[in-house]
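The next block holds one structure in the form of structure tokens; read it before the comments.
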Amino acid sequence: MTDHARLERAAAVAAPFRKALLAWYRRTARDLPWRRTKDPYAVWLAEIILQQTRVDQGTPYYERFLEAFPTVEALAGASDDEVLKHWEGLGYYARARNLHACARRVVSDRGGRFPETAAGLRALPGIGPYTAAAIAGIAFGEPVAVVDGNVIRVLTRLFDIDAPVEDAAVRKLLDALADALVSPRSPGDHNQAMMELGACVCTPRTPDCPACPVAKWCAASAAGRQHARPVRRPKKPTPLHEVVAAVIRRDGAYLLGKRPPEGLLGGLWEFPGGKVQPGETHAQALQRELREELGVDVAPGKLIASVNHAYTHFRVRLHVYACTIVSGEPVAHVHAELRWVAKDDFPKYAFPTANRKFLDLV
DNA sequence: AAACCGGGGGG
DNA sequence: CCCCCAGGTTT
């Protein structure tokens with residue numbers, strides 16, 4: 001089947017398709033907190049939190065953010081540490097930085113009002129094609145289709161697409177198919193229905209085709225190929241790094257460093273350290289890293305903990321050592337800031353999860 | 001186009 | 001253990 005034929009098919013079935021989909025959605029939709037409002041601020045907040053994040057994982061964060069920052073003005077007025085503390089544990093911390101920057105721009109440049117079109121929203125930090133379409137559809141009724149991971153799975157099955165979804169041509173086709181199907185009158189509900197279908201029925205491993213409200217239009221299901229869709233390009237292996245971190249105590253306080261705002265774990269507070277280089281012992285790695293990062297000479301002591309942690313593109317084995325400063329006074333060469341922090345104050349700081357794993361043992 | 005950027009749940 | 005999730009930004 002050609003892409004052109006797929007598009008014609010989408011246009012031909014669009015009306016009965018979305019009618020069946022919407023009826024199913026209105027009958028079975030989960031009662032999620034952000035579905036109870038059309039407030040652009042709340043919708044935007046939910047969409048940012050839910051980027052690459054499961055509903056069950058993001059929901060408590062959404063509730064806590066809305067409680068702490070009820071308006072875009074409240075969020076804009078918060079400190080970056082405060083925002084990051086609320087984001088702690090959710091991952092992809094650039095989202096928190098962009099969330100904050102976006103709130104400040106909406107308040108300072110637009111009087112606290114979000115743009116009312118997908119194109120206008122798209123220009124704000126942290127808002128890409130998906131999020132712009134989602135907010136525009138839900139909050140402002142603009143008939144633009146969203147294409148997220150759920151929709152990709154639904155569409156590649158409906159139209160039995162056998163090329164890798166990472167291909168730009170496939171992404172263009174998916175956008176066009178989604179736009180051909182989207183409801184002009186209820187784009188917000190239609191988009192959420194497509195995602196709900198992907199999350200609850202058209203699932204990755206074991207799709208429940210007998211329960212699907214649009215199975216009669218599904219080419220992959222008809223051919224028994226639903227398990228083989230979507231097709232994805234093979235991914236590269238993730239390397240394993242040995243990492244060391246130092247617990248340095250002085251007068252009942254511990255030395256923490258705030259990571260630079262950009263890059264991995266940007267803005268989070270951590271125990272200083274770094275990667276063990278080939279041929280290096282843990283002690284040598286600690287001495288080298290702390291000289292580079294803090295400008296001090298240390299004597300590595302007792303091993304406190306070893307923890308494993310997986311990131312997106314690599315894994316680490318993190319070894320935590322009690323260390324003593326032999327000479328020098330710590331100066332931030334890499335970190336945005338250094339601070340001596342009492343253990344009772346740890347809960348005020350946003351740590352990477354890999355640090356949280358050994359915090360109780362410090 | 002490819003790389004970078006977290007963490008958690010489920011099979 | 002691998003896969004994938006209401007993706008966006010940078011190179």
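Only a predicted model underlies this, so the values are computations on that prediction, with no experimental measurement involved. Reminder, nothing fancy here: chain letters follow the sequence lines and each chain counts from 1.
A donor-acceptor pair under 3.5 Å is absent between the side-chain atoms of A:R229 and the main chain of A:A220, judged by distance alone. Not a single donor-acceptor pair under 3.5 Å links the side chain of A:R157 to the backbone N or O of A:A219.
Residue-level contact check: A:R315 touches neither bases nor backbone, having no heavy atom under 4.0 Å from any strand. Contacts of A:I48 with the nucleic acid, taken as non-hydrogen atoms under 4.0 Å apart, are absent. A:T353 comes within 4.0 angstrom of the backbone, heavy atoms only, and of no base. Residue-level contact check: A:G266 touches neither bases nor backbone, having no heavy atom under 4.0 Å from any strand.
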Test log, rule salt bridge (Lys or Arg N to Asp or Glu O under 4.0 Å), inputs A:E329 and A:R250: CA-CA 12 Å; A:E329 182 65 21; A:R250 174 190 289 178; 3.1 Å; yes

ring-ring contact (aromatic ring centres under 6.0 Å, His included) assessment of A:Y62 paired with A:F65: CA-CA 5 Å; A:Y62 171 81; A:F65 259 88; 9.2 Å; no

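As rounded to whole Å, 19 Å separates atom C1' of B:dG6 from atom NE2 of A:H86. In this entry the distance linking CD of A:E166 with P of B:dA1 reads 12 Å, nearest Å. Counting to the nearest Å, the P atom of B:dG6 and the CG atom of A:D56 are 22 Å from each other. In this structure, NZ of A:K236 is placed 10 Å from C1' of B:dA1, rounded to the nearest angstrom. Here B:dG8 presents its P atom at 9 Å from CG of A:L90, a figure rounded to the nearest Å. The distance from atom NZ of A:K357 to atom P of B:dG8 is 7 Å, rounded to the nearest whole Å. What separates CG of A:L265 from C1' of B:dG6 is a distance of 8 Å, to the nearest Å.
Between A:R205 and C:dC2 there is no side-chain N or O to OP1 or OP2 distance below 4.0 Å. Considering only side-chain N and O atoms, A:H309 lies nowhere under 4.0 angstrom from the phosphate OP1 or OP2 of B:dG6.
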Per-nucleotide protein contact string for nucleotides 5-11 of chain C (B base, S sugar-phosphate only, - none; heavy atom under 4.0 Å): BBBSS--

Side-chain atoms of residues 208-215 of chain A: list all donor-acceptor pairs with protein atoms under 3.5 Å, sequence neighbours left out, distances to 0.1 Å.
none

Result block: side-chain N/O donor-acceptor pairs under 3.5 angstrom for residues 128-140 of chain A, not counting sequence neighbours:
residue: A:Y130; atom: OH; partner: A:E47; partner atom: OE1; Å: 2.7
residue: A:T131; atom: OG1; partner: A:Q51; partner atom: NE2; Å: 3.0

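Counting only Watson-Crick and G-U wobble pairs whose two distances sit under 3.5 Å, DNA chain B takes part in these stems of three or more pairs: B:1-5 with C:7-11, B:7-11 with C:1-5.
Nucleotides C:dA6 and B:dC4, compared at atom P, are 25 Å apart to the nearest Å. To the nearest whole angstrom, the two P atoms, one in B:dG6 and one in C:dT11, are 15 Å apart.
Membership of the apolar cluster around A:I325 extends to A:I248, A:L255, A:L290, A:L294, A:V296, A:V298, A:L338, A:W340, as traced through chained side-chain contacts below 4.5 Å between ILVMFWY residues. Clustering of Ile, Leu, Val, Met, Phe, Trp and Tyr by side-chain heavy atoms under 4.5 Å joins A:V244 with A:V276, A:L286, A:L303, A:Y321.
The residue among A:A169 and A:F314 whose nearest nucleotide of DNA chain B is located toward the 5' end is A:A169.
Residues A:H190 and A:S183 approach most closely at CG-N, 3.7 Å, considering heavy atoms. Taking both residues in full, the closest heavy atoms of A:E88 and A:Y349 are given as OE2-O, 3.5 Å, listed atom of the first, atom of the second, then distance.
Of the candidates B:dA1, C:dC4, B:dA2, the closest approach to any side-chain atom of A:K235 belongs to C:dC4.
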